[in-house]
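Structure first, then comments.
Start at 1 with the first residue, then count along the sequence.
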Amino acid sequence: MTNTTAAELIARSNRLGANPKNTNYAGGNTSAKGTEIDPVTGESVELLWVKGSGGDLGTLTEQGLAVLRLDRVRSLVNVYPGPDREDEMVAAFDYTLHGKGGAAPSIDTPMHGLVDAAHVDHLHPDSGIAIATSADGDTLTATIFGDKVAWVPWRRPGFQLGLDIAAIKDANPRAIGCILGGHGITAWGDTSDEAEANSLWIIDTAAAYIAANSKAEPFGRLLDGFGPLSAEERRAKAAALAPTIRGLVSTDAPKVGHFTDAPEVLDFLSRAEHPRLAALGTSCPDHFLRTKVTPLLLDLPAGASTTDAIARLQELHEQYRADYQAYYDRNAVSTGSTTEWPAIRGADPLIVLVPGVGMFSYGANKQTARVAGEFFLNAINVMRGAEGLSTYAPIDEAEKFKIEYWALEEAKLQRMPAPKPLATRVALVTGAASGIGKAIATRLAAEGACVVIADLDLATAQAAAAGIGTEDVAIGVQANVTDEAQVQASVDAAVLAFGGLDLVVNNAGLSLSKSLLETTVADWDLQHNVMAKGSFLVSRAAARVLIDQKLGGDIIYISSKNSIFAGPNNIAYSATKADQAHQVRLLAAELGEHGVKVNGINPDGVVRGSGIFAGGWGAKRAAVYGVPEEELGKYYAQRTLLKREVLPENVANAVFVLCSSDLSHTTGLHIPVDAGVAAAFLR
């Protein structure tokens, strides 16, 4: 980057965005005004660099900036048609851009362009929003900040808000910023360092005042029976409730989940005022756009049984949907123009609060679900601050509705890319740290699924997951599939990490190439324990989740050509693969009524990258067939009809096809992935 003004802006933005006390993820925006040479005229022009729509301050780069001609931005004042038509100004921003590329200008661009300051920060700090959402926020602002910070009554983000803040700055020459009612803060400065210092001063001064003056128990007294369960009990109950909750919140559209038992959440839910405050919901637009205007709150004590909690959650979910529909109907009135509000986007909650246990949050992907939970945690902090000094008084529901169903917000949603085929699906793959399992996990993640990699060694499982993506995409867990407790723990880990489970791949396996007389009882038991018993344990634990969710799902067995073909010196392996193959048929028949498809794949000759072959199986099979071990893959290929070597990725492709919508009506099937072995044809 050659422009020092823009470089300073990015550095300031990254510093501010890196600390959650300053603003939430993807919340707020920053700007800088400076000059650059216009390549057309060769003359210096004044420019506005501002964080673009949808970006995140903490990770902002040059590509995330919108660059506009400052004179043209300010000229928009002359054609502004008034508050009733301010949304039309968004399209006008395109005519103020300098050059091409970069990000689309955000709705907050006028705030930055019209305010007479070289550098402007608009942020969403918990401490600032606590003042902004207090019933007497205007009085508190004057008390806390004097004439250094002005109060701006609530107004929806847009052109008029930019005009309002510009006028307030002009009328208050000593002011370094303002509190935006119900929303956040804005600060400015003549230099980048000054703007940053002013932003931090407002944030820290508000936080210090709250700490020094807050009442002892902002959320009220402790409620008997609503205190936190032990960490172990919380995790167990959360795992037991999560499948049902995910199924409920996915009534309109499938969702991925996130769970947290952060101390702030547990304390909030243990206090007398939490039902009143939860019903008021969030206030900052960034918050409720991610969390919906209110959460679903379980109104039972922490010690309530899982059965009672599930029954009550089902009742509350039905009521939540009715209430949300009523909220939409109340507010979806004519705008006064020829257009109407967008159709309702779904009546399910995105935040579910369970006293003594924690918070479940949901979204179209793991990151969105996690961020929704972070935003509601921000809201709890805001409520604590506001209640500690005054009374929490968020913007009213009519204003929330106008933002939630804003035409500009709808347009932003319409511009989002189409979801990948496996988006919102959560997969558990056993034996996935290497070979076929790793290839399957990699392919499922590439198609949009969240993936849990289960393997004997935790470190290798985590390394494989890290190679696929962040923890919003893949996690690694330790699981010996012969151990019932470890299998259940791996399923629980999937449920707590991503909200539930949709797709299970029984891939863990091993093989000992021995003749009948050489095969010991220990050899027989080991292979049957890992593949026959292990698949049974994994499928049983997963089926409980799939049934409770009521969202259908897939269970896939990586069996083998040997489940059908009778080869030499392979009795234990082939027998257990035949066991797996019949499990597919049995479970397909049993789980079909729950919408769960069960299918199998019969690979053969997958040498390259295979953990089984690398562990000695390859050398023994090569000896059986009288070929060098390094040529075993080629040998297998030449005995097939297609004369092609089978790779782990070929098996992964078949897994994807089986769980994609194209085979939505297929269950009980085995797909050969063997390049054509006539002796293993299904009959």
Side-chain angles (χ1 to χ4, degrees), residues 22-24 27-29 83 86 106-108 110-112 114-115 120-172 175-188 198-199 201-203 205-207 209-210 213-214 218 277 280-289 291 293-294 331 375 378-404 406:
N22 298 330
T23 200
N24 47 259
N29 29 69
E86 68 173 335
S106 79
I107 191 63
D108 283 317
M111 180 192 305
H112 296 272
L114 303 180
V115 169
V120 178
D121 296 333
H122 168 58
L123 304 170
H124 299 151
D126 294 347
S127 62
I129 304 175
I131 308 302
T133 56
S134 293
D136 52 350
D138 53 349
T139 302
L140 281 170
T141 298
T143 300
I144 299 169
F145 305 106
D147 59 1
K148 290 186 69 174
V149 177
W151 171 262
V152 181
W154 161 258
R155 182 180 287 280
R156 189 178 68 169
F159 204 87
Q160 187 60 50
L161 180 60
L163 287 171
D164 291 351
I165 296 175
I168 286 173
K169 180 185 183 301
D170 290 343
N172 296 271
I176 63 169
C178 53
I179 298 291
L180 281 60
H183 187 165
I185 74 165
T186 296
W188 46 77
N198 288 341
S199 293
W201 183 83
I202 295 174
I203 294 167
T205 300
Y209 186 87
I210 293 169
N213 295 276
S214 176
L277 294 169
L280 290 173
T282 52
S283 184
C284 176
D286 262 24
H287 293 181
F288 61 75
L289 283 173
T291 65
V293 290
T294 58
N331 292 285
F375 278 25
N378 289 135
I380 290 174
N381 293 334
V382 167
M383 293 174 188
R384 180 185 297 105
E387 287 285 307
L389 299 179
S390 174
T391 301
Y392 176 61
I395 61 175
D396 64 37
E397 73 161 38
E399 289 300 312
K400 292 181 182 180
F401 179 85
K402 290 175 185 177
I403 290 180
E404 186 178 2
W406 201 355

Do any N or O atoms from the side chain of Asp396 and from the backbone of Glu399 form a donor-acceptor pair under 3.5 angstrom? yes
Looking only at heavy atoms, the pair that brings Ser283 and Phe288 closest together is O-CE2, 2.9 Å
Partner residues of Asp147 under the side-chain contact (heavy atoms from CB on, under 4.5 Å) criterion, sequence neighbours left out: Arg174
Pairing donors with acceptors under 3.5 angstrom, does anything connect the side chains of Asn378 and Asn24? no
Got Leu123 and Ile203 here, is their nearest side-chain heavy-atom distance under 4.5 Å? yes
Within the structure provided, determine whether Ile107 and Trp406 are in side-chain contact (heavy-atom separation under 4.5 Å). yes
Pairs satisfying ring pair (Phe, Tyr, Trp, His ring centres under 6.0 Å), at least one member in residues 126-157, at least two apart: Phe145-Trp201
Donor-acceptor contacts, no H, no angles, side chain residues 128-137, under 3.5 Å, sequence neighbours left out:
unit_1: Thr133; atom_1: OG1; unit_2: Ile129; atom_2: O; d: 2.8
unit_1: Ser134; atom_1: OG; unit_2: Ala130; atom_2: O; d: 2.7
unit_1: Asp136; atom_1: OD1; unit_2: Ser390; atom_2: OG; d: 2.6

Under the side-chain contact (heavy atoms from CB on, under 4.5 Å) criterion, do Leu289 and Phe375 qualify, and how do the steps go? CA-CA 10 Å; Leu289 283 173; Phe375 278 25; over 6 Å; no
Check this for me, if you would: do Glu397 and Lys400 make a salt bridge, where the nitrogen-to-carboxylate-oxygen distance has to be below 4.0 angstrom? no
Is Asp126 reaching over with its side chain to a backbone N or O of Asn381, donor-acceptor style, under 3.5 angstrom? no
Heavy-atom side-chain proximity of Pro125 to Asn22 below 4.5 angstrom: no
Measure the shortest side-chain to side-chain distance between Ser214 and Tyr209 over non-hydrogen atoms and say whether it is less than 4.5 angstrom. no
Exercise: identify the closest heavy-atom pair between Ser106 and Asn29: OG-ND2, 4.0 Å
Between the side chain of Ser199 and the main-chain N/O of Asp121, is any donor-acceptor distance below 3.5 Å? no
Checking Thr282 against Val293 for the side-chain contact (heavy atoms from CB on, under 4.5 Å) test, could you report, in this order, the C-alpha distance in whole Å, the side-chain angles of both residues, the deciding distance, and whether it holds? CA-CA 6 Å; Thr282 52; Val293 290; 5.8 Å; no
What's the shortest heavy-atom distance between Met383 and Leu277, and which atoms? CE-O, 3.6 Å
Give the C-alpha distance, both sets of side-chain angles, the deciding distance and a yes or no for side-chain contact (heavy atoms from CB on, under 4.5 Å) between Leu389 and Asn213. CA-CA 7 Å; Leu389 299 179; Asn213 295 276; 3.8 Å; yes
Check whether any side-chain heavy atom of Cys178 sits under 4.5 Å from a side-chain heavy atom of Leu180, and report yes or no. yes
Which atoms form the tightest heavy-atom contact between Asp286 and Gly28, and what is the distance? OD2-N, 4.1 Å
From CD1 (Ile210) to CD (Glu387), nearest 0.5 Å: 12.0 Å
Where is the tightest heavy-atom contact between Ile403 and Pro157, given as atom of each residue plus distance? CD1-CD, 4.1 Å
Rounded to the nearest 0.5 angstrom, the CD1-CD1 distance for Ile202 and Ile185 is 4.5 Å
Listing, residues 161-170 side-chain donor-acceptor contacts under 3.5 Å, not counting sequence neighbours, or none:
unit_1: Asp164; atom_1: OD1; unit_2: Gln160; atom_2: NE2; d: 3.0
unit_1: Asp164; atom_1: OD2; unit_2: Arg155; atom_2: NE; d: 2.7
unit_1: Lys169; atom_1: NZ; unit_2: Asp116; atom_2: O; d: 3.1

Once ring-ring contact (aromatic ring centres under 6.0 Å, His included) is applied, do any residues pair with His124, and if so which ones, sequence neighbours excluded? His122, His183
Taking side chain to side chain donor-acceptor pair (under 3.5 Å) as the test, write out the residues that go with Glu404, two or more places apart. Tyr324, Tyr327
So how far is it from Phe159 CZ to Met111 CE, rounded to the nearest 0.5 Å? 12.5 Å
